[in-house]
Amino acid sequence: MTSPLLIPVDSYLIESLPTVWFGVVMFTLAMYVALDGMDFGIGMLYATRDEHDRETLLSAFGPIWDANEVWIVAFGTTLLAAFPAVYSRLLSEHYLLAIAIVMALLFRGIAPELREQREDPAWRRRCDQLFVFGSTVTPLLLGTLVGSWIFGTSVVSLPSLLTGVGLVALCLTSGAAFLAAKTSGSLADTMVRYGTASTAAYLGGVVLLLIVVSWLNPSNVRALLWTLPAIAVVLASVVFGIGGIVAARQGRHRLWFGSTVGLSFLLVGLVGTLLYPTIYPESGLTIDAVVVSPLALNLTTILGLPVLLLVLWYFRFLYRTFAGPIDSESKGYSS
Amino acid sequence: MIAASNAVLSGGVQLVETSLLLSPELASRAQFGWTITVHIIFAALSIGLAPFIIYFTWKDVTSDAAAYTSLREFWVRVFAVGFVMGTVTGIPMSFQFGTNFPVFSEVAGELIGGPLAFEAKMAFFLEAVFLGVLLFGRERVSDRTYILSAVLTGFGAWLSGFWILVVNAWMQTPQGFELIDRNGMEIATLTDPIAAFFTPRMPWMYVHMINASVISVTLVVAGIAAYFVWHNRTSKAWNTALKMAVVLLLITAPFQAIHGDAYGRHVADTQPQKFAAMEAHYDTGQADLHLIAVPKSVDALTDPRTDNLFTISLPALGSFLASGGDFQAEVIGLHEYDDNPPVALVFWSFRVMVGLGFLFIGLALWGGYLLRQGRLHESTRYLQAMMLASPLGFIALLTGWYVTEIGRQPWVIQDVLKTNDAVSTTLTGTEATGTLLAFVVLYLALLTAFGFVLKWLIEAELERMGVRTPAESDRPQLPWVGGDD
């Protein structure tokens, strides 16, 4: 049977379509972690910079952050479109945390915009504080939420909080790598220093997290950890992390930034590996149990997937338009 | 539990256990209502400003008239701040479907998830990416790409509205689905995508909302232009903007009234309970049309009834309008239902919207008359009237949405799912009241901040026009100072 749009009603376009959409959901999350994570990193590193450097950082951040932030909406709505029950539970069972995340995200977004509206130093200081606060707290809370999701642990628990701290370290790394690629001289050197430390912290954090969850064994995750995909993802992370530092030391900053994007995808890959084929461990829900009906998913596939490719194409256009080092003389953020 | 919360809905405000905490249902509804109230202002600003941005950018790039450069730069700045406000207020919106109304998300996920995902992927990304180019890329892309960026940004705003209204219209007149039991829950399962996307309400709502956004923004443009013309009667840029606004208002304001009238008939057909609430019509039978209603007592504000209102009414015209031509037609009254929306909010919101709509037509005709006489910039009284009217379009737009959304209660999906059954069962009154308070404070601060940013932009423009010297304010000139005046 087909619907008026000639879309199959009774069966998925391909048998593994639910799994494909699990992959798409993870992909949108990975894009968010990689791109907005870099924005968070810029926001955290911002705290260490003087007024002149801050303008440079905002010039790097200005044209791209809003588009990057949309990936969280893409993640949320894709999850809703494919797995409504997971979207509902993830958000309602972590009510305060979810609300806190969107509020912290609000501070991060609004602060630089307001900052540029006045020259008053006191006003700017206040906006700067809000910007750093939002940029630090959002990934911390988001990581905590994701940790709580995959391990089925409560929000205030070691596995959840360690995931949050790990995400903060990863964001610092990608922010430092992006800034190193966009700037030169002493600022780039400083970013290499910070990036090296945060990479070490991130890799250490991941290992510590794995030891902790292996020991506490929430949602029987131990069995999943000692499987080939999980081990491969962790080893690849170590390779990308160390490779990134080597590239950074050699002054190959764009390559370094590429490796941090790889690290973000690997982290989300680990999330996917630990979940699959379950998608909400706390209730033991599997992908097949919560996926929407064939017609709905087929429709989302036909209308949504090509558009996702188009989005990637114009992201490439955006990043190429604003490629190249930032002119430190330009006043940057305002149009 | 459900009976108790039904009492909450019909009774309006009720406190739980005499503490100051609201029930999770009421707090969730208030929180969603408040956050969407603020968010929709910025969403409508993007939609309504889009044609202005495209036109000014096109004229600026293709002609040498400096007037269009200053208009483009001023309004692109407003658009940019509005867009950031829209983004940061909009993200909490979409996540509240999950945090506060998870049952709604789970029941309707198949029907609303697709359109919401398309909104993010097709529209929101488009707007965000090309706004980046529009704001920062003037020197980095060709003229043609730059104009295209303005067009794509504007197109993104209109397309975003389309998908969001697909969802909302489905909640008003749901179709194209079947309720199928899944894991012990009745899930709305998609059966006909075309029917589900293009519901009977969809075209009415889209046209009415797009036009309302254009009217709201046109009034803001007119008010700000009037302010500048009032300061400098010969300003080429702002006289152009004022004329444009008056012409646009002459087209859009009367259209909205004509369209709204037909829309009302459609609501009477598809949601008789909402229509009855709009007219505070309690007893089924012939309905009068209350052209003007004034409360006789304070009671009338909270519970409007024929006997506590002074009304100027046209007998039986309510029947005539609802039925499309029959004075005797029976109009269903609110007494037919066990559970009604808060009638007063719907009744008075509707009157505010309609009243303002007629005011806008009056302002448009007055402006059109002055324009014909070539005296638009001379009439101080008209300029002042337009300044005062500048926020009123948004008031009409908001009250219109209150009619639509509050009027649908007690249903979240008309005749399918009640709002109080859609709310999270794990949410406590403490959590819900706490976040509601936080959102009230935060969004009020954002609105205030936006007001200040507008004020600063206007002051900077006055300096640029030479009306006010920089010494008079502590704010230095904006970098784009140049001049046509």
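These values consider heavy atoms only, across backbone and side chains, with no hydrogens, waters or symmetry-generated copies.
In terms of heavy atoms, L91(A) sits closest to G98(B) at CB-C, 3.6 Å. The two atoms that bring A117(B) and A81(A) nearest to each other are CB-CB, 4.1 Å, heavy atoms only. A120(B) and V73(A) get closest at one heavy-atom pair: CB-CG1, 3.9 Å. Here the closest non-hydrogen pair linking E106(B) and S88(A) is N-OG, 3.5 Å. Contact detail for S293(A) and R182(B): the closest heavy-atom pair is N-NH1, 4.3 Å. Nearest heavy atoms, G109(A) versus V88(B): CA-CG1, 4.0 Å.
Classified by interplanar angle (parallel below 30°, tilted 30° to 60°, perpendicular above 60°), the ring pair Y87(A)/F95(B) is parallel.
Using a 4.5 Å cut-off on side-chain heavy atoms (C-beta onward), T77(A) and W163(B) make no contact. A 4.5 Å side-chain heavy-atom check between E431(B) and I99(A) finds every atom pair outside the cut-off. Under the 4.5 Å side-chain criterion, counting only non-hydrogen atoms from C-beta, L106(A) is in contact with L446(B). You'll find the side chain of E113(A) stays beyond 4.5 Å of the side chain of V453(B), heavy atoms only. In this structure, F197(B) and L299(A) have side chains that are in contact, with non-hydrogen atoms separated by less than 4.5 Å. For the pair V133(B) and L318(A), the minimum side-chain heavy-atom distance is below 4.5 Å.
Taking chain B as the reference chain and counting heavy-atom pairs below 4.5 Å, the highest number among L310(A), L308(A), T78(A), L303(A) is found for L303(A). Annotation: maximal heavy-atom pairing with chain A below 4.5 Å, among I180(B), I112(B), T87(B), occurs at T87(B). Options L114(A), V70(A), L80(A), T300(A) differ in how many heavy-atom pairs under 4.5 Å they form with chain B, and the most are formed by V70(A). The most heavy-atom pairs under 4.5 Å with chain B, out of V86(A), I101(A), V291(A), come from V291(A). Your options are H94(A), R89(A), M103(A), and the one with the most heavy-atom pairs under 4.5 Å with chain B is M103(A). The most heavy-atom pairs under 4.5 Å with chain A, out of F101(B), F97(B), F439(B), F104(B), come from F439(B). In terms of heavy-atom pairs under 4.5 Å with chain A, the best-connected choice from V141(B), N100(B), T189(B), I187(B) is N100(B).
In this structure, F130(B) has its ring center closer than 6.0 angstrom to the ring center of Y314(A).
Looking at F322(A), both its backbone and its side chain come within 4.5 Å of chain B, counting heavy atoms on both sides. No part of A100(A) comes within reach of chain B, as not one of its non-hydrogen atoms sits under 4.5 angstrom from that chain. Neither the backbone nor the side chain of A108(B) comes within less than 4.5 Å of any heavy atom of chain A. Heavy-atom distances place the side chain of T145(B), and not its backbone, under 4.5 Å from chain A. Heavy atoms closer than 4.5 Å to chain B are found in both the backbone and the side chain of I110(A). Contact annotation for L79(A): neither backbone nor side-chain heavy atoms come within less than 4.5 Å of a heavy atom of chain B.
Distance check, rounded to the nearest 0.5 Å: CZ of R118(A) to CZ of F452(B) gives 8.5 Å.
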